[in-house]
Number of protein chains: 4
Amino acid sequence: MKLSEKRSIEKKKQIILSAVKIVNRRGYEGATMEEIAAELLMTKASLYYYFRNKEDLLYQCHSLVLNQAIADIEELLAQPLSVEEKFFQMVALHIDYAIEEKETFNMIFEPKNIFSQEQLAEVIELRKRYSSLFNNLILKGIEEKKFRQADSYLLTMLILGALNWIQQWYQPNGRLSKEEIISHYQKDLLKILK
Amino acid sequence: MKLSEKRSIEKKKQIILSAVKIVNRRGYEGATMEEIAAELLMTKASLYYYFRNKEDLLYQCHSLVLNQAIADIEELLAQPLSVEEKFFQMVALHIDYAIEEKETFNMIFEPKNIFSQEQLAEVIELRKRYSSLFNNLILKGIEEKKFRQADSYLLTMLILGALNWIQQWYQPNGRLSKEEIISHYQKDLLKILK
Amino acid sequence: MKLSEKRSIEKKKQIILSAVKIVNRRGYEGATMEEIAAELLMTKASLYYYFRNKEDLLYQCHSLVLNQAIADIEELLAQPLSVEEKFFQMVALHIDYAIEEKETFNMIFEPKNIFSQEQLAEVIELRKRYSSLFNNLILKGIEEKKFRQADSYLLTMLILGALNWIQQWYQPNGRLSKEEIISHYQKDLLKILK
Amino acid sequence: MKLSEKRSIEKKKQIILSAVKIVNRRGYEGATMEEIAAELLMTKASLYYYFRNKEDLLYQCHSLVLNQAIADIEELLAQPLSVEEKFFQMVALHIDYAIEEKETFNMIFEPKNIFSQEQLAEVIELRKRYSSLFNNLILKGIEEKKFRQADSYLLTMLILGALNWIQQWYQPNGRLSKEEIISHYQKDLLKILK
DNA sequence: AATGAATGAGGGTTCATTCAT
DNA sequence: TATGAATGAACCCTCATTCAT
């Protein structure tokens, strides 16, 4: 790969990060190409050198964040741990993402009215891949008789909802530390699986 | 109250209901004054006779739905039921709202992208009132030794998150009916409280 | 029809006339909504109250001009005249349009890359109707043995081309008066038909 | 001339030919520097090494085609043929250009929407030179008593109009082949001259 | 009480053009 | 020679909002 290509990819990433920041500040529709560009001291026209249109840029934001989260979890799943241990770590990882990378992780909310047919499909597919990591772990737990017999999909949704919501109320200097939250959620959610 | 005033209030309600319908269809930002008015065979200019601006109208939509939900729950809480029974009914009620009112009831969106200073405070206050209904019930359950000793705030957040998320994945004609979802969530979430 | 409706239709016509003027000055693509509006001391946003978009406005320009020309010719054709006489009058009428209403009649050139599928079809249909007026007259002349046996379509195209071109070179104060041009074209083109 | 210069001229010609192709496909305004460059696997920035700006490039396209047509006709006129024969061939040549080169040869568009002051003058001069070839032939025919006494300018305009219009209706796979059209136009237009 | 008409502000997108490399 | 990257200027279009009637 040539140097220029590398630089181009680097720039793309910068733009995506800027977009993520703005989207978190203003919401999907409130984010403007203008503001995303201004964050990087560029003009909005320049963005179109890297992305076909706003939808494309927003999709790639979504994609970047989710793919990274998926990769992290897959790495974790590859380790020789018990189902319960894996579940604990996944909960910790998800909360960590939601809290520390709040901005990026926030992306996964409510893009319904943004994406057009084709990209909507890909977004949904990506989300499905992420949630299936949880779903599969639950299924495995059921198989190993570690978790009770139940509708794994429903449990997955319940758990993901509980976890995602954290970023709505978590305050960095609030009464509850990240570690406390993780510890509580791990135990509480495990109760549902047992 | 004069007749004309009564009629005015009635009309206001009609407009809000129309707005609720459109917001549920298009989202808060996607809803246009034009479409809200068209639903009632009015012109958008007329809306400004009843509401100061779009934000005001949208706020009253959110407010109406949330207040109604609060009222419904308060009515429920006033009945002579056990804590567990009340919890079950609250879960059912919340899911029903989340599914039937979808966008308007939506508690996932960031209100700061929609509402301005003054109304933002009221929205947040309203949400706090709503969540405290759950919090108080949990506290009462703990007091009555029906629920285990625990951080009620954390549990409230966990439960609300799980419930709110439903509107992100629920499909009217999906595999799971509303009733099934309610039944499962009731039992699963109760496990956490026990 | 209410007064307001009448006024609306009047305004629409004004806008169309303004658009025609600008299109003739700048070409189809060069004409901007801004300039069309400015001509009437309006803002471009106002145009969208009367026309769905630029394409729609331009189409209606086209439509207005051609329909009027068609109506004029049809009226002429309804009169009890010989085929040759009718041909002479049609030539005179077309040249008159091309010269006097240069601006409006100019519209009929090269809109190929402007209209989208559906409206393109209507534009073509309209043009076909206009040219068929000539075509039918020629056919009738042939039938009546006043004109020689020939491919009427080819002759129509040849004649229309010759006539349309006049507006490209005609100068109001040039060597040749409108009447002279008409007189010459009538005779010259008739020679082809005979 | 140095080799590098030769190569530069060669490249310029390539670019012009590419531009001609794109202009014929998209029209003068629809042709973008991007697409013209892409056709040659270049980047648009490179075009500016060879041409001052888009207008310059487009002018040279128009110029190339028109000059070529003029040269072709002049060559033809130099041959020992009768006036009628020369007229026939000129008609054939013009139609061929109009059909094969379509947009670039296009004499219907208003050049003032495309070209600026300085180049506009040259375009008009070029067109005048082209039409005078027809004019002169007609004058010669009249002199030789092969054509009837008449206003040669008017006849030139009539003929050019008829010919130029062909590109507005000709369809490559239509009912009438290029050869048929040529044959008919030759005979029909000659009738006017006789 | 209602609305037809108008508009300002702003957003997404395109494209010719420039310039450092 | 060539180009990757950037940009200014324009353009179409949308929408909340206003105001005279």
Side-chain angles (χ1 to χ4, degrees), chain A residues 2-5 7-8 11-12 15 26 29-37 40-58, chain B residues 4 7-8 11-12 29-37 40-58, chain C residues 2-5 7-8 11-12 26 29-37 40-58, chain D residues 4 7-8 11 29-37 40-58:
Chain A
K2 278 180 291 182
L3 182 64
S4 65
E5 270 184 72
R7 238 191 261 137
S8 174
K11 189 91 191 185
K12 261 191 175 175
I15 295 174
R26 310 271 187 219
E29 320 221 23
T32 73
M33 295 299 269
E34 184 89 48
E35 197 174 359
I36 292 168
L40 295 169
L41 304 179
M42 299 170 72
T43 60
K44 63 178 166 176
S46 304
L47 300 185
Y48 288 84
Y49 183 77
Y50 297 94
F51 301 92
R52 282 211 324 287
N53 49 34
K54 186 183 175 184
E55 189 194 344
D56 183 30
L57 171 53
L58 258 33
Chain B
S4 64
R7 248 198 245 129
S8 174
K11 192 88 190 182
K12 264 191 177 178
E29 318 224 25
T32 71
M33 296 298 269
E34 183 86 50
E35 196 173 359
I36 292 168
L40 293 170
L41 303 179
M42 298 170 73
T43 60
K44 59 181 166 179
S46 307
L47 300 184
Y48 288 84
Y49 183 79
Y50 298 95
F51 299 91
R52 283 211 329 286
N53 49 35
K54 186 184 174 186
E55 188 197 341
D56 183 28
L57 172 52
L58 254 36
Chain C
K2 278 179 291 180
L3 181 65
S4 65
E5 269 184 72
R7 238 192 260 139
S8 174
K11 190 92 194 183
K12 260 191 177 177
R26 310 270 187 217
E29 320 219 26
T32 71
M33 296 298 270
E34 182 88 48
E35 197 175 358
I36 292 168
L40 295 169
L41 304 179
M42 299 170 73
T43 60
K44 63 179 164 179
S46 304
L47 300 186
Y48 288 86
Y49 183 76
Y50 297 94
F51 301 91
R52 284 212 321 289
N53 49 35
K54 186 182 175 184
E55 189 193 343
D56 183 30
L57 171 53
L58 258 33
Chain D
S4 65
R7 246 195 247 133
S8 175
K11 192 88 191 183
E29 317 223 29
T32 70
M33 297 298 269
E34 183 88 47
E35 197 174 358
I36 292 167
L40 294 169
L41 304 180
M42 297 170 73
T43 61
K44 61 182 165 179
S46 307
L47 300 183
Y48 288 82
Y49 183 80
Y50 298 95
F51 299 91
R52 283 211 327 285
N53 49 34
K54 185 184 175 185
E55 188 197 341
D56 184 27
L57 172 53
L58 255 36

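Since the structure is predicted, the reported quantities are computational estimates derived from the model, not experimental observations. Quick note: numbers below take in every heavy atom, side chains included, and nothing from hydrogens, waters or symmetry partners. Chain A is the first sequence line, chain B the second, and so forth, proteins listed ahead of strands; every chain is numbered from 1.
- One can place CG of L40(A) at 14 Å from C1' of dA5(F), the figure rounded to the nearest angstrom.
- A search for side-chain contact (heavy atoms from CB on, under 4.5 Å) contacts involving R26(A) returns I22(A), E35(A), not counting sequence neighbours.
- Note: S8(A) OG to K11(A) NZ = 10.0 Å, rounded to the nearest 0.5 Å.
- The distance between atom CG of L47(D) and atom P of dC19(E), rounded to the nearest whole Å, is 17 Å.
- Residue-level contact check: F51(C) touches neither bases nor backbone, having no heavy atom under 4.0 Å from any strand.
- Among the protein residues, S8(B) comes within range of no part of the nucleic acid, since none of its heavy atoms lies under 4.0 Å from any strand.
- Taken to the nearest 0.5 Å, the CG atom of L57(C) stands 7.0 Å off from the CG atom of L47(C).
- Remark: C1' of dC12(F) and CG of D56(C) are 14 Å apart, rounded to the nearest angstrom.
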What pairs of nitrogen or oxygen atoms, one from the protein and one from nucleotides 13-16 of chain E, lie under 3.5 Å apart?
residue	atom	partner	partner atom	Å
dT13(E)	OP2	Y48(A)	OH	2.6
dT13(E)	OP2	K54(A)	N	2.8
dT13(E)	O5'	Y48(A)	OH	3.4
dA16(E)	OP1	K54(D)	NZ	3.1
dA16(E)	OP2	M33(D)	N	3.1

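- Atom CG of L57(C) and atom C1' of dC12(F) are 12 Å apart (whole Å).
- Applying the side-chain hydrogen bond (donor to acceptor under 3.5 Å, both in side chains) test to every pair with at least one member in residues 45-54 of chain B, sequence neighbours left out, gives these pairs: T43(B)-S46(B).
- In this structure, the CG atom of L41(D) is 13 Å from the P atom of dA2(F), given to the nearest Å.
- Between K12(A) atom NZ and dA6(F) atom P the separation is 13 Å, expressed in whole Å.
- A straight line from CD of E35(B) to C1' of dA16(F) spans 15 Å, rounded to a whole angstrom.
- Nucleic acid contact for S46(D): base, since at least one base atom lies under 4.0 Å from a heavy atom of the residue.
- An OP1 or OP2 oxygen of dA5(F) is reached within less than 4.0 angstrom by a side-chain nitrogen or oxygen of Y49(A).
- Under the rule for a salt bridge (charged side-chain N to carboxylate O under 4.0 Å, His left out), the partners of E34(D) that lie at least two apart in sequence or sit in another chain are K44(D).
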Dot-bracket encoding of pairs in DNA chain F, which uses [ ] for pseudoknotted crossings and | for another strand, Watson-Crick or G-U under 3.5 angstrom: .||||||||||||||||||||
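- Partners of E55(D) according to the salt bridge (charged side-chain N to carboxylate O under 4.0 Å, His left out) rule, which considers only residues two or more places apart in sequence or in another chain, do not exist here.
- Distance R7(A) CZ to dT3(F) P: 17 Å, rounded to the nearest Å.
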